Each structure stands twice: as C-alpha cells, then as structure tokens.
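Counting begins at 1 with the first residue of the sequence. As the structure is a computational prediction, the values presented were derived from the model and not from experiment.
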Amino acid sequence: MTIKKLNKERLDEEEENYFLKFSDSSIMSTSKKIYYFALLYFKRWYPRFLIHFIITYKVKKALKNENAPETIQNLYREIAKIICLSAMGAYGKGRKVKK
C-alpha cells in the first residue's frame, strides 16, 4: 500500500527503519498504543467517525513528534485507517482491552 502511494519500487532505508520501529509489536510502540486507544474508544461506544478522527489526529501528532520522514508523514490518513479497521475487527471478535 505505501509503495503504491509513494510511487516507488522500494522504500528508502530511513523509511523502512522508521516503519519497523513504528510498528514493532514486541514493545509498546506508538502504533500499538494508538491501537489500544482505538479499542478502548470502541469499547466505550464512541461514534465511529469520532474514533476515526481521534486516531487520525493521534497518528499525525505521533509521526510529527517522532520526526518521521516527510513521505511517511503524508500517509497519516492511510495509517490511521489501517489502525481503525484492525481495531474494529478485534473489537468485533471480543478481544479484551488491557488497562
């Protein structure tokens, strides 16, 4: 998905390293924190459009704070959409949210 949006054949080394760090599931990475916030918002019955707006804002803010490459910062909407959709699927399957 990102390669199509960036119109490249391969990601640069900097972009690849950032994506690996951002989405690392073995530690409490930024994407994992945002994912758990999305699950919590679904559990509290917030409207879906509001959850999507909050997650988009959190992703944009996180990418800016972590000094992500500019090309990745431009993909914040797609990243937020992926996180929201995966949280919706997990919430629908009844997974527990750790507090």
Side-chain angles (χ1 to χ4, degrees):
M1 182 228 35
T2 57
I3 294 174
K4 285 182 183 178
K5 293 283 183 181
L6 295 174
N7 295 325
K8 294 182 177 181
E9 293 213 8
R10 281 188 52 92
L11 294 174
D12 297 339
E13 187 175 332
E14 180 186 9
E15 294 168 343
E16 192 173 330
N17 288 337
Y18 182 78
F19 266 131
L20 289 174
K21 186 182 97 176
F22 182 76
S23 61
D24 187 9
S25 63
S26 63
I27 58 171
M28 197 57 156
S29 64
T30 308
S31 65
K32 197 172 185 180
K33 289 177 188 175
I34 295 171
Y35 172 77
Y36 281 128
F37 271 116
L39 277 177
L40 183 65
Y41 295 145
F42 279 115
K43 186 176 180 183
R44 292 189 179 176
W45 293 93
Y46 283 28
R48 196 179 325 171
F49 74 91
L50 183 62
I51 295 170
H52 185 69
F53 177 75
I54 292 170
I55 297 305
T56 304
Y57 174 75
K58 284 184 177 282
V59 168
K60 185 175 183 179
K61 187 175 155 187
L63 292 175
K64 188 177 280 190
N65 286 344
E66 292 181 352
N67 296 326
E70 192 67 34
T71 53
I72 294 176
Q73 286 186 18
N74 295 335
L75 297 174
Y76 71 93
R77 287 187 189 102
E78 286 79 18
I79 296 170
K81 185 176 181 180
I82 291 169
I83 292 174
C84 282
L85 290 175
S86 62
M88 281 173 38
Y91 178 72
K93 294 177 185 171
R95 293 184 184 163
K96 302 283 183 188
V97 177
K98 296 179 183 178
K99 292 184 180 179

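The side-chain hydrogen bond (donor to acceptor under 3.5 Å, both in side chains) contacts involving residues 53-65 comprise nothing, where partners must be two or more places apart or lie in separate chains.
Listed here is the closest heavy atom pair of Lys81 and His52: CA-CE1, 3.9 Å. Across all non-hydrogen atoms, the minimal contact from Cys84 to Phe42 is O-CE1, 4.0 Å. Residues Ala80 and Ile55 come closest through the heavy atom pair O-CG2, 4.0 Å.
Once rounded to the nearest 0.5 Å, the distance linking CD1 of Ile34 with CG of Leu39 reads 12.5 Å. Atom CG of Leu63 and atom CG of Leu75 lie 9.0 Å apart (nearest 0.5 Å).
More than 12 heavy atoms of other residues, nucleotides or ligands shown are found within 6.0 angstrom of CD on Glu66.
Residues satisfying the ring-ring contact (aromatic ring centres under 6.0 Å, His included) test with Tyr41, not counting sequence neighbours, are Tyr46.
Under a hydrophobic-cluster definition in which Ile, Leu, Val, Met, Phe, Trp and Tyr are linked whenever side-chain heavy atoms come within less than 4.5 Å, directly or via other members, Phe53 and Ile83 are assigned to different clusters.
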